[in-house]
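Chain letters run A, B, ... following the sequence lines, proteins first, then strands; residues in each count from 1.
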Amino acid sequence: MAGREIRRTFAVFPMGSVMKLTNFSARQIRYYEEQQLITPDRNEGNHRLFSLDDIDRLLEIRDYLDEGYSIAEVRDIYKRRKDAHRTEDAKARRLLRDEILNSGPFRQQPHKSNTFNK
DNA sequence: CTTCTGACA
DNA sequence: TGTCAGGA
């Protein structure tokens with residue numbers, strides 16, 4: 001996580017900007033934070049600071065809402081999305097681990113009982 | 001002036 | 001969800 005990545009997660013936008021960019025009221029934005037849909041940072045004065053990722057998510061939430069989904073349903077959508085991403089991640093790690101274990105200096109010697117004949 | 005939390009006449 | 005209070 002560096003370079004391009006940190007820029008999307010770097011929180012710098014104040015409430016007022018996010019309100020204009022998303023057309024949501026401060027009340028709604030704070031509520032979505034309570035629902036764990038976004039996780040803005042805070043500055044020295046306890047004022048929220050939003051990242052581009054936060055804004056993207058809010059715009060996405062607006063789309064779901066416009067499509068008729070309830071906030072509870074949107075919350076579930078992200079929960080499922082995260083779970084799917086996790087199992088996918090675990091799968092990738094297992095494959096990588098097996099790859100490392102079965103090649104190079106960590107290669108496991110296939111133990112044959114008959115190394116003589118043949 | 002902007003944003004924050006808590007509360008609901 | 002809106003809105004008002006009282007503070008930072």
Does B:dC4 have OP1 or OP2 under 4.0 Å away from a side-chain N or O of A:R30? yes
Whole-Å distance between C:dG7 P and A:N46 CG? 17 Å
Verify the distance criterion only: is there a donor paired with an acceptor across the side chains of A:Q35 and A:Y78 at less than 3.5 Å? no
I'd like to know if the side chain of A:D54 reaches the main chain of A:S51, judged simply by a donor and an acceptor atom lying under 3.5 Å from each other, with no hydrogens or angles considered. yes
Rounded interatomic separation in angstrom, taking NZ from A:K20 and C1' from B:dT3: 14 Å
Atom-to-atom span, CE of A:M15 to C1' of B:dT2 - whole angstrom: 11 Å
Does the ring of A:Y32 carry A:R57 above it, NZ/CZ under 6.0 angstrom from centre and within 45° of its axis? no
Would you mind reading off the distance between A:Q35 atom CD and C:dT1 atom P, rounded to a whole angstrom? 10 Å
Please confirm whether the shortest side-chain N or O distance from A:Y32 to OP1 or OP2 of C:dT1 is below 4.0 Å. yes
At 4.0 Å (heavy atoms only), tell me whether A:I71 reaches a base, stays on the sugar-phosphate, or touches nothing. sugar-phosphate
Given C:dC4, is OP1 or OP2 found less than 4.0 Å from the side-chain N or O atoms of A:R27? no
CZ (A:R4) with more than 12 external heavy atoms under 6.0 Å: no
Interatomic distance, A:E33 CD vs B:dC4 C1' [rounded to whole Å]: 11 Å
Taking CG from A:L49 and P from B:dT3, how many angstroms apart are they, rounded to a whole number? 11 Å
Rounding to an integer number of Å, can you tell me how far A:Y31 OH sits from B:dT5 C1'? 17 Å
Could A:R94 and A:D98 be called an ion pair, given the rule that one side-chain N must be under 4.0 Å from one carboxylate O? no
Between atom CZ in A:F50 and atom P in B:dT2, what is the gap in whole Å? 16 Å
Watson-Crick or G-U wobble partner for C:dA8, using a 3.5 Å limit on both distances? B:dT2
Counting the atoms with a prime plus P, OP1 and OP2 as sugar-phosphate, which does A:G45 contact under 4.0 Å by heavy atoms, base, sugar-phosphate, or nothing? nothing
Would you mind pulling out the nucleotide paired to B:dC8, Watson-Crick or G-U wobble, both distances under 3.5 Å? C:dG2
A:Q28 or A:H47, whichever maps to the more 5' nucleotide of DNA chain C: A:Q28
